[in-house]
Engineer: 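Below you will find the structure I want to go over with you.
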Amino acid sequence: MELLKNKVEETSKKITQYGYQEGAGMTRLLYTEEWLAAQNTFLDLFEKNGLQAYSDDVGNVYGRLEGREYPDQVIMSGSHIDTVVNGGNLDGQFGIEAAFIALQYLKDKHGSPKRTLEVVSLAEEEGSRFPYVFWGSKNIVGIADNEAVKGLTDNKGVNFVDAMRECGFDFATDRTVRKDIKAFIELHIEQGKVLETEGKQLGVVTSIAGQRRYNITLKGEANHAGTTPMGYRKDTVYAFSKICSQSIDKAKAEGDPLVLTFGKVVPKPNTVNVVPGETLFSMDCRHTDKDKLISFSNQMVEDMKQICAEMEIEIDVDLWMDEEPIPMDPTLVDLIDTTFEAKGANYRRMHSGAGHDSQIFAPRIPTGMIFIPSVAGISHNPAEHTDISDLTVGVEALINVLYELAYK
Ligand code: HGY
Ligand code: MN
Ligand code: MN
């Protein structure tokens with residue numbers, strides 16, 4: 001365990017430096033300089049540690065340990081290299097580090113596997129720079145929407161394709177779709193507090209909640225803050241505040257596991273003495289039940305249209321992400337469970353409220369996820385933390401599961 005603990009600390013230091021800012025946490029967005037530096041560092045680490053290192057057409061990075069009996073059967077493990085703005089250095093990043101450390105350990109201890117093992121550093125999952133999610137994993141399974149990304153710009157007006165080309169990736173659309181992946185295993189921090197509250201060290205993920213994300217624009221009328229009587233205003237921040245308050249109250253009334261978040265609110269012109277004529281805001285709605293997710297989010301949209309009609313404010317609703325709840329592969333869930341049982345691990349089965357690349361792989365490739373605890377359940381925050389002992393137990397758990405899949 002000491003060896004694994006040192007490897008975790010050593011690898012984390014090498015990657016965290018790209019995108020980390022003292023007091024502001026991690027910001028490593030798709031196709032930025034720090035994103036490219038982190039991907040190149042993983043390529044170099046994989047190369048230097050006996051793996052065949054390569055990247056694909058969109059910048060996913062792989063380290064391959066060829067199988068001696070079934071080289072065309074790939075057991076893949078990894079996660080995403082991108083982060084949210086001002087997030088932590090474990091969400092995504094640790095799943096790649098853990099897979100890399102696991103492959104090194106397995107190679108050193110058991111030699112070549114029967115089936116090929118690959119660690120993957122997925123290009124993008126969060127949707128933090130451009131309003132498109134799972135760009136890395138969707139390209140691997142061939143469902144990326146090229147038309148959807150072509151016109152996208154980030155909040156500085158940089159175009160998606162230009163950003164991609166700046167990192168050396170052409171926007172070719174005939175990309176290779178992987179058909180050789182026989183299982184995908186993702187180790188990830190829980191980003192909630194179930195494991196910590198119950199004193200468990202590991203989670204066996206059974207399903208991933210569905211999520212719908214919207215960009216909503218309210219158009220009222222910009223006007224003078226001093227000369228416009230309250231009764232004559234078309235104030236979009238006021239309209240947003242009504243929408244937000246009513247929606248959150250309804251979400252609370254609906255109860256767990258439904259969650260509703262208005263994470264981004266941008267009034268225009270965002271000036272102290274101007275009645276805000278326009279407000280752009282986001283809505284993120286999630287549920288483990290597909291029908292409830294659809295009915296609740298549709299109702300929220302109807303409610304906001306009603307509020308806007310009463311206030312004579314225009315509303316435009318763009319549903320740009322719509323992922324239904326996804327079960328993990330039952331055989332893999334059982335395999336992970338029995339492996340943990342056999343090792344006397346302190347674990348429980350649970351669903352994931354957070355989205356993950358595993359939900360893109362799962363309908364197409366047998367997929368399983370392993371959780372480790374998040375201190376105080378905090379994530380998407382510079383305070384995101386997991387104790388080194390839990391990180392190390394997570395790597396060990398991943399080693400045991402990958403051994404079952406690739407060496408037996
Ligand atoms: O938002 C999520 O659930 C994930 O962190 N992308
Ligand atoms: Mn995240
Ligand atoms: Mn993540």
Side-chain angles (χ1 to χ4, degrees), residues 12 15-16 19-20 25-30 35 38 60 77-99 120-138 184-195 203 205 207-215 256-264 282-288 293 297 319-326 328 350-362 367-374 377-386 391 394 398:
S12 173
I15 302 299
T16 300
Y20 179 76
M26 292 298 300
T27 302
R28 182 167 57 224
L29 306 184
L30 176 65
W35 173 92
N60 294 312
S77 181
S79 192
H80 57 95
I81 191 65
D82 68 314
T83 69
V84 294
V85 175
N86 303 133
N89 71 341
L90 296 171
D91 177 2
Q93 178 179 320
F94 181 66
I96 310 160
E97 292 165 355
V120 63
S121 175
L122 295 161
E124 188 281 338
E125 182 267 357
E126 297 283 5
S128 300
R129 181 176 183 188
F130 301 98
Y132 190 87
V133 287
F134 305 125
W135 174 245
S137 45
K138 281 183 174 174
F184 179 75
I185 303 286
E186 182 171 14
L187 176 62
H188 203 287
I189 51 172
E190 178 198 340
Q191 300 179 294
K193 59 191 310 182
V194 169
L195 292 176
V205 178
S207 69
I208 297 177
Q211 56 176 297
R212 294 183 130 195
R213 294 188 194 175
Y214 301 76
N215 279 337
D256 296 346
L258 179 112
V259 284
L260 187 72
T261 311
F262 295 95
K264 179 177 174 179
S282 64
M283 182 167 81
D284 173 319
C285 185
R286 307 190 191 196
H287 203 295
T288 49
L293 172 63
S297 54
L319 171 59
W320 60 271
M321 175 186 182
D322 189 0
E323 299 290 347
E324 55 188 55
I326 296 286
M328 295 295 99
M350 59 195 291
H351 87 268
S352 171
H356 300 285
D357 288 296
S358 288
Q359 72 192 84
I360 299 303
F361 289 115
T367 298
M369 278 198 85
I370 300 169
F371 273 170
I372 52 175
S374 294
I378 290 177
S379 182
H380 283 187
N381 178 320
E384 182 178 280
H385 182 70
T386 296
L391 294 175
L398 183 63

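Just so you know, ligand 1 is whichever comes first in the structure, and atom 1 is the first atom listed for that ligand. These numbers were taken from a predicted model, which means no experiment stands behind them.
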Engineer: Check A38 against R28 and note the closest heavy-atom contact, atom names and distance.
Structural biologist: CB-CD, 3.7 Å

Engineer: Checking salt bridge (Lys or Arg N to Asp or Glu O under 4.0 Å) between E323 and each of R212, K138, R286, R213, which is the one that passes?
Structural biologist: K138

Engineer: Provide the number and element of each atom of ligand 1 under 4.0 Å from a heavy atom of A354.
Structural biologist: 3 (O)

Engineer: How about D91: does one of its N, O or S atoms come closer than 2.8 Å to the Mn ion (ligand 3)?
Structural biologist: yes

Engineer: Does any N, O or S atom in H80 come within less than 2.8 Å of the Mn ion (ligand 2)?
Structural biologist: no

Engineer: Under a 4.0 Å heavy-atom limit, does H188 contact ligand 1 with its side chain, its backbone, both, or neither?
Structural biologist: neither

Engineer: Suppose I only count heavy atoms of Q211 and a 4.0 Å limit; which atoms of ligand 1 are within that range?
Structural biologist: 3 (O)

Engineer: Kindly indicate whether the side chain of M350, heavy atoms from C-beta on, has any atom under 4.5 Å from the side chain of L195.
Structural biologist: yes

Engineer: Any luck finding a side-chain donor-acceptor pair between E190 and S374 under 3.5 Å?
Structural biologist: no

Engineer: Measure the distances from the heavy atoms of H380 to every atom of ligand 1 and state whether one is below 4.0 angstrom.
Structural biologist: yes

Engineer: Is ligand 1 under 4.0 Å from a heavy atom in the side chain of R286, in the backbone, in both, or in neither?
Structural biologist: side chain

Engineer: Which of the atoms of ligand 1 are close to E126, meaning less than 4.0 Å from one of its heavy atoms?
Structural biologist: 4 (C), 5 (O), 6 (N)

Engineer: Is H356 close enough to the Mn ion (ligand 3) to have an N, O or S atom under 2.8 Å?
Structural biologist: no

Engineer: Once you restrict to heavy atoms under 4.0 Å, what part of H356 touches ligand 1? Side chain, backbone, both or neither.
Structural biologist: neither

Engineer: Within a strict 4.5 Å, meaning less than it, do heavy atoms of the F184 and S137 side chains meet?
Structural biologist: no

Engineer: Could you pull out the closest heavy-atom pair between G210 and L293, with the gap in Å?
Structural biologist: C-CD2, 3.5 Å

Engineer: Are the side chain of Q359 and the backbone of H356 linked by a donor-acceptor contact shorter than 3.5 Å?
Structural biologist: yes

Engineer: Considering only heavy atoms of G355, which atoms of ligand 1 have at least one such atom less than 4.0 Å away?
Structural biologist: 2 (C), 3 (O), 4 (C)

Engineer: Quiz question: by atom type and distance under 3.5 Å, do the side chains of Q93 and T16 form a donor-acceptor pair?
Structural biologist: yes

Engineer: If you look at E126, which of its N/O/S atoms is nearest to the Mn ion (ligand 2)?
Structural biologist: OE2

Engineer: If every non-hydrogen atom of V205 is compared with every non-hydrogen atom of S207, which pair is closest and at what distance?
Structural biologist: CG1-O, 3.5 Å

Engineer: Can you list the atoms of ligand 1 that are under 4.0 Å from a heavy atom of R213?
Structural biologist: 1 (O), 2 (C), 6 (N)

